Visitor: 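One structure is given below, represented as structure tokens, and several questions about it will come after.
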Amino acid sequence: MGESGSGRLAYNLRLWGRPARFLPSQKTSMLDIQLLRSQLDSVAQRLASRGKAIDFTEFTALETERKTLQTRTQELQNQRNTLSKQIGMLKGKGEDASAVMAQVAAIKSELDAAEARLNELLGQFNAILAALPNLPHESVPVGADETGNVELKRWGTPRAFDFPVKDHVDLGEGLGLLDFATAAKISGTRFALMKGQLARLHRALIHFMLDTHTAEHGYTEVYTPYLVNRESLFGTGQLPKFEEDLFKVPRGDADPFYLIPTAEVPVTNIVRDEILAAEALPLKLVCHTPCFRSEAGSAGRDTRGMIRQHQFEKVELVQIVRPEKSWEAHEELTRHAEIILEKLGLPYRRMLLCTGDMGFSSAKTYDLEVWLPAQGTYREISSCSNFEAFQARRMQARFRNEKNKPELVHTLNGSGLAVGRTLVAIGENYQNADGSITIPEVLRPYMGGATAIGPAA
RNA sequence: GGAGACGUGGCCGAGAGGUCGAAGGCACUCCCCUGCUAAGGGAGCAUACGCGCUAAAACGCGUAUCGAGGGUUCGAAUCCCUCCGUCUCCGCCA
């Protein structure tokens with residue numbers, strides 16, 4: 001299966017073809033512009049359900065001016081083009097064209113002004129559109145924040161401990177294998193240093209997840225850049241609104257790079273500006289990367305331990321599918337993430353995020369939350385979203401359908417899983433009274449057959 | 001980093017300031033012919049947006065797009081500038 005997976009990618013790459021081109025005047029629309037124009041009311045309503053108010057009067061005013069101005073501009077351009085052709089014909093015949101040239105000159109000043117104003121207007125328009133989040137799917141509950149999320153299922157039973165449970169910090173430091181002080185010396189807060197068997201367990205998790213998704217779930221493994229450009233971040237929706245969450249790498253006069261906050265960015269952007277062959281779909285890609293987040297807005301939250309770090313590892317699942325398949329794919333992809341938790345024997349629950357708690361680009365999101373005994377609660381370990389055509393529209397990612405017409409693909413992704421948090425969950429759920437950690441069965445082959453991590457190990 | 005070449009539609013490839021959205025070929029779709037596979041003939045075949053028509057399409061008209069952005073010009077695929085990318089040679093580092 002792993003082999004057919006990589007063969008599939010090579011096949012797909014051949015079918016990917018050459019990039020489509022951006023049309024500067026309308027490239028940034030995120031929601032279907034036609035939908036906005038024709039059904040502003042219902043769009044505004046659905047956006048309001050996720051806390052995004054749309055300024056009706058501003059939008060309508062811009063739209064009205066755009067319409068008349070665009071019509072007028074095109075009219076003038078048409079006149080200019082027609083007259084210019086006449087000049088060409090006259091000159092070709094060696095006749096005098098000065099009368100016609102005077103006519104064009106008369107049009108010119110109005111045309112220049114109209115074009116300038118129209119560009120300005122479209123710029124404003126696009127800025128508004130680019131900042132609008134995706135519309136929630138009808139199955140998404142309306143809610144203001146995480147209290148509106150709905151628990152859909154639970155798997156596994158939290159273990160009963162007959163000794164005081166330690167959290168992962170006490171466990172890891174007790175074993176001498178986890179060291180935040182040194183990480184802080186090297187870099188600062190929100191970094192971790194792991195050693196020995198714990199570092200190996202961390203690596204084992206990555207290998208286990210990748211192997212499972214490639215061999216059993218039909219994904220093709222990819223390796224991508226970790227530094228990306230602005231266009232890619234715009235495509236998946238991190239820009240323009242969430243720049244402060246990202247680490248930015250200046251490059252003198254050149255455009256800056258950004259450290260990826262998730263593999264979603266480089267992997268999904270593989271199909272940016274592409275017209276895929278219908279046979280290339282679905283594309284199922286899995287990718288392990290480090291993720292870098294500034295956590296600018298979460299000062300003071302989860303300061304202890306490795307729950308919330310500036311740098312963490314994640315194995316990400318990405319699917320590029322035909323529009324009519326995306327809801328099916330969403331369920332499938334979420335199951336793929338859940339299976340990792342089940343194989344690891346970690347109790348979890350599946351949450352359906354409400355409108356107010358979903359990410360910017362998502363139409364529907366399931367969060368998987370793993371049981372953390374030390375916190376006595378479930379904590380997010382995976383987030384699986386269907387973006388429908390939202391990212392595809394921003395990226396101009398399309399496929400050629402049966403009518404031979406380019407059509408936007410749907411994109412999905414989900415963590416499968418966040419590695420650091422999985423490590424935390426294993427430590428806390430598999431801890432023993434003596435401070436050692438039992439290694440889950442499925443990871444032992446990756447640990448040289450070891451069954452536990454202990455002070456002696 | 002230095003020097004040079006290049007970037008045209010799904011693909012290949014002409015085009016060098018005027019009637020070019022772009023010859024020709026391949027691929028694809030439809031039709032005809034041919035009794036199978038092969039071959040031949042004809043037609044069609046970029047995208048987005050606007051306007052008109054429409055229940056919606058189809059369609060018609062228009063505008064923009066020849067790597068991206070800017071400039072010159074009545075008029076730019078074609079000339080100039082900047083950027084991005086690809087290739088070749090040299091240097092440098094592995």
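Please read these numbers as outputs of a predicted model, since none were measured by experiment. Each chain gets a letter, A, B and so on, in the order its sequence line appears, and its residues count up from 1.
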Visitor: Can you tell which of B/A64, B/U19, B/C49 lies closest to the side chain of A/K85?
Guide: B/U19

Visitor: So for atom CD, which belongs to A/E324, do other residues, nucleotides or ligands contribute more than 12 heavy atoms lying within a distance under 6.0 Å?
Guide: yes

Visitor: Measuring only the P atom in each nucleotide, how far is B/C87 from B/G18? A whole number of Å is fine.
Guide: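 That atom pair is separated by 34 Å.
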
Visitor: Name the pairing partner of B/G85, where a pair is Watson-Crick or G-U wobble with both distances under 3.5 Å, or state none.
Guide: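 Its partner is B/C6 (Watson-Crick or G-U wobble, both distances under 3.5 Å).
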
Visitor: Heavy atoms under 4.0 Å, any strand shown: does A/N81 hit a base, just sugar-phosphate, or nothing?
Guide: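 Sugar-phosphate contact only.
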
Visitor: Hunt down the Watson-Crick or G-U wobble partner of B/A22, both distances under 3.5 Å, from any strand shown, or write none.
Guide: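 Paired with no nucleotide.
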
Visitor: Students often get this wrong, so: under 4.0 angstrom with heavy atoms, is A/R72 touching a base, only sugar-phosphate, or nothing?
Guide: nothing

Visitor: A/I87 near the nucleic acid: base, sugar-phosphate alone, or nothing, with a heavy-atom cut-off under 4.0 Å?
Guide: base

Visitor: Which value, in whole Å, describes the distance between the C1' atoms of nucleotides B/G9 and B/G21?
Guide: 9 Å

Visitor: Please report the distance, rounded to the nearest Å, between CD in A/Q103 and P in B/G75.
Guide: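 So the two atoms are 15 Å apart, to the nearest Å.
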
Visitor: Would you kindly give the CD-to-P distance between A/E115 and B/G71, to the nearest whole Å?
Guide: 10 Å

Visitor: Is any side-chain N or O of A/R251 closer than 4.0 Å to OP1 or OP2 of B/C83?
Guide: no

Visitor: Assuming nearest nucleotide by heavy-atom distance, tell me which of A/P406 and A/D255 is located more 5' along RNA chain B.
Guide: A/P406

Visitor: Which one is paired to B/C92, where only Watson-Crick or G-U wobble pairs with both distances under 3.5 angstrom count?
Guide: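 The base-pairing partner of B/C92, which may sit in any strand shown, does not exist here.
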
Visitor: Expressed as a whole number of Å, how far does the P atom of B/C66 sit from that of B/A77?
Guide: 6 Å

Visitor: Can you figure out which of B/U47, B/C74, B/C51 approaches the side chain of A/K67 most closely?
Guide: B/C51

Visitor: Closer than 4.0 Å, any side-chain N/O of A/K405 to the OP1 or OP2 of B/U47?
Guide: yes

Visitor: Is there a side-chain polar atom (N or O) of A/N78 under 4.0 Å from OP1 or OP2 of B/U63?
Guide: yes

Visitor: For A/I260 and A/T289: C-alpha separation, side-chain torsions, deciding distance, then whether side chain to side chain contact (heavy atoms under 4.5 Å, CB included) applies.
Guide: CA-CA 9 Å; A/I260 56 170; A/T289 69; 3.6 Å; yes

Visitor: Which part of the nucleic acid does A/K108 contact within heavy-atom distance under 4.0 Å: base, sugar-phosphate only, or nothing?
Guide: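 The answer is sugar-phosphate, as A/K108 gets under 4.0 Å only of primed atoms, P, OP1 or OP2.
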
Visitor: Specify the residue among A/M89 and A/Q79 whose closest nucleotide of RNA chain B lies further upstream toward the 5′ end.
Guide: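 The residue closer to the strand's 5' end, by nearest nucleotide, is A/M89.
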
Visitor: Just name whichever nucleotide pairs with B/C36, Watson-Crick or G-U, keeping both distances under 3.5 Å, else none.
Guide: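 Pair assignment: B/C36 / none.
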
Visitor: If you compare all heavy atoms of A/R80 against all heavy atoms of A/I107, which two are closest, and at what distance to 0.1 Å?
Guide: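 What the structure gives for the nearest pair is N-CD1, 4.4 Å.
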
Visitor: Under a 3.5 Å limit for both distances, which nucleotide forms a Watson-Crick or G-U wobble pair with B/U65, could you say?
Guide: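 Pairing partner, where one exists within any strand: B/A46.
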
Visitor: Should B/U78 form a Watson-Crick or G-U wobble pair with both distances under 3.5 Å, which nucleotide is its partner?
Guide: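 Paired with no nucleotide.
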
Visitor: Counting only Watson-Crick pairs (N1-N3 plus N6-O4 or O6-N4) and G-U wobbles (N1-O2, O6-N3), all under 3.5 Å, who is the partner of B/U72?
Guide: none

Visitor: Out of B/C51, B/G75, B/U47, which has the shortest distance to the side chain of A/T71?
Guide: B/C51

Visitor: Start with the C-alpha gap between A/R301 and A/E295, add the side-chain angles, then the distance that decides, and say whether side chain to side chain contact (heavy atoms under 4.5 Å, CB included) holds.
Guide: CA-CA 9 Å; A/R301 286 179 66 195; A/E295 296 297 343; over 6 Å; no

Visitor: What is the base-pairing partner of B/G60, counting Watson-Crick and G-U wobble geometry with both distances under 3.5 Å?
Guide: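 Answer to the pairing question: B/C51, which forms a Watson-Crick or G-U pair with B/G60.
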
